[in-house]
Amino acid sequence: MIRSIWTTVIIALCCWRCDAFMPSKAASSIIVFHTKSSFHSDIVLLGAKNTSKGKKRIGGPRGSGGRGKPPKNGDTDEDDYDESRGQVIIPEPTKFRKQIISLPRPEPYPPVRVCIVEVSDVEWWNNENNLNPFGAKLWPSGLAVAQFLASMGSLENYDVLEIGCGNGLSSIVAAESGARVVASDISQTILKLTKIGWIETQKERQKRQQKLNIGKENIENDGEDGASDDKPMGIIQPGSLNTFNLDIFADRLLPMSNSAENKKIVTATAMMYDSEVAKQLAHRAFEACARGAWVILGDDDTGEREGGRKLFISELDKVEKENGKQFSRVWKQSAVKYQPLQWSDKPVKLLHYNAPPGAKLDF
């Protein structure tokens, strides 16, 4: 019996060719089966169904998180603790929800369509050792920064670094808009979500291109000259996306490009919920500006409610004073609306730090 099960799994893996998971028209949630400990190369698609019905909605205010540190009381099962890294080992999530998000771009460019993956595994979210799972879902500030990047049109001459990328919406939008992107996060699990989202975005793009090519062939076969009253669409060559395991508290520089040819943007969203993280983010934002980047930070209302935004601002003032250098700051208040996610007037603040002169900051 066991041999037959593994034979089925091996056959499925061979047919599946190690893709993350295949798109399903009926799926708002994807169920996967883990053959071993890995959750990307060893997962097998068993089926897809909507698991949101009758389940507790995942969400709530973003908590402080412990950055993977073990409980202070030391009550940790020996098999669940990696002493070499100081981290509690928790099972990988097994349920995911795929979202296709379309954001407008200025003429003559068509909207940018991307795929993101969120964890919908309730047991994973409720695991008491999972101290900081919040990157596994989309937050309004992440959508706001993604909308702003989309509003810039083509990013073909940009290098973009996202700090704390979560499921990678901003990174994927930037890459799909032509930028060379590095998506960074402290969690390998979260980085896998970004990788899968980028893979699925490329698949969706290829499908659209195939349909477009078929449509052109049909017009030619009908003997038409292909003339159209529609305005010609601008073409953006997609860029690249790489992931990087980054702890912003580590004693190392940000993984920014040293190329003098491209403009540089550094983004981060939903990171002012914790005082320690907010203060360190101020240091990293200053570092990015000192290295020539335009820093775009998005903060949800939790940053204001938990006091992290105020601490970020005071720490940034302190860092600028210590270094004898100041960069321009422009805060923009916004309200995120996105019907497919049933978001209406979600309050968000964007900080443009060291924005280029004359840059359009409204979107």
Side-chain angles (χ1 to χ4, degrees), residues 1-2 5-6 8-10 12-13 16 18-22 24 27-60 62-99 116-139 164-168 183-200 243-247:
M1 178 67 179
I2 294 176
I5 292 175
W6 276 105
T8 303
V9 170
I10 291 170
L13 277 171
W16 185 42
C18 292
D19 285 344
F21 52 74
M22 301 298 289
S24 170
S28 62
S29 180
I30 304 296
I31 298 180
V32 297
F33 172 76
H34 294 260
T35 60
K36 294 183 188 282
S37 59
S38 171
F39 116 172
H40 182 250
S41 61
D42 293 334
I43 58 178
V44 180
L45 181 68
L46 294 182
K49 66 178 181 178
N50 188 340
T51 59
S52 62
K53 295 180 179 179
K55 294 287 185 71
K56 181 180 179 181
R57 184 175 180 180
I58 296 174
R62 190 164 179 171
S64 60
R67 301 179 54 243
K69 298 178 182 178
K72 293 183 180 179
N73 59 16
D75 295 335
T76 306
D77 191 318
E78 185 177 352
D79 294 335
D80 294 333
Y81 183 65
D82 182 353
E83 186 176 356
S84 64
R85 299 189 64 188
Q87 292 182 330
V88 176
I89 306 302
I90 64 172
E92 295 283 11
T94 60
K95 296 184 179 70
F96 307 91
R97 177 171 51 247
K98 186 174 77 170
Q99 301 270 9
I116 63 166
V117 180
E118 297 179 299
V119 172
S120 59
D121 189 336
V122 176
E123 291 184 5
W124 183 83
W125 275 91
N126 291 338
N127 189 314
E128 61 181 7
N129 290 324
N130 193 3
L131 300 180
N132 197 351
F134 306 104
K137 72 184 292 291
L138 179 62
W139 295 87
C165 63
N167 56 23
S184 69
D185 202 285
I186 191 174
S187 168
Q188 291 285 6
T189 298
I190 299 305
L191 289 176
K192 289 171 185 175
L193 296 182
T194 297
K195 290 178 183 177
I196 295 171
W198 176 233
I199 290 170
E200 292 300 305
T243 58
F244 189 91
N245 188 216
L246 174 68
D247 182 348

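Rounding to the nearest 0.5 Å places SG of C165 at 12.0 Å from CD1 of I186. E92 contributes atom CD, which lies 8.5 Å from atom CH2 of W124 (distance to the nearest 0.5 angstrom). Atom CD1 of I190 and atom CG of N245 lie 11.5 Å apart (nearest 0.5 Å). Distance check, rounded to the nearest 0.5 Å: OG1 of T194 to CD1 of I199 gives 11.0 Å. Separation of atoms CG (L191) and CG (N167) is listed at 11.5 Å; rounding is to 0.5 Å. Atom CD of Q99 is separated from atom CD1 of I116 by 5.5 Å, given to the nearest 0.5 angstrom.
Between the side chain of W125 and the backbone N or O of V119, at least one donor-acceptor pair lies under 3.5 Å. Here the side chain of D185 pairs no donor or acceptor atom with the backbone of L246 at under 3.5 angstrom. Without hydrogens or angle criteria, W139 side chain to G166 main chain gives no donor-acceptor distance under 3.5 Å.
A salt bridge does not link E118 with K137: every distance from a Lys NZ or Arg NE/NH1/NH2 to an Asp or Glu carboxylate oxygen is 4.0 Å or more.
Two residues are said to be in side-chain contact when any heavy atoms from C-beta on lie closer than 4.5 Å; L193 and F96 meet this criterion.
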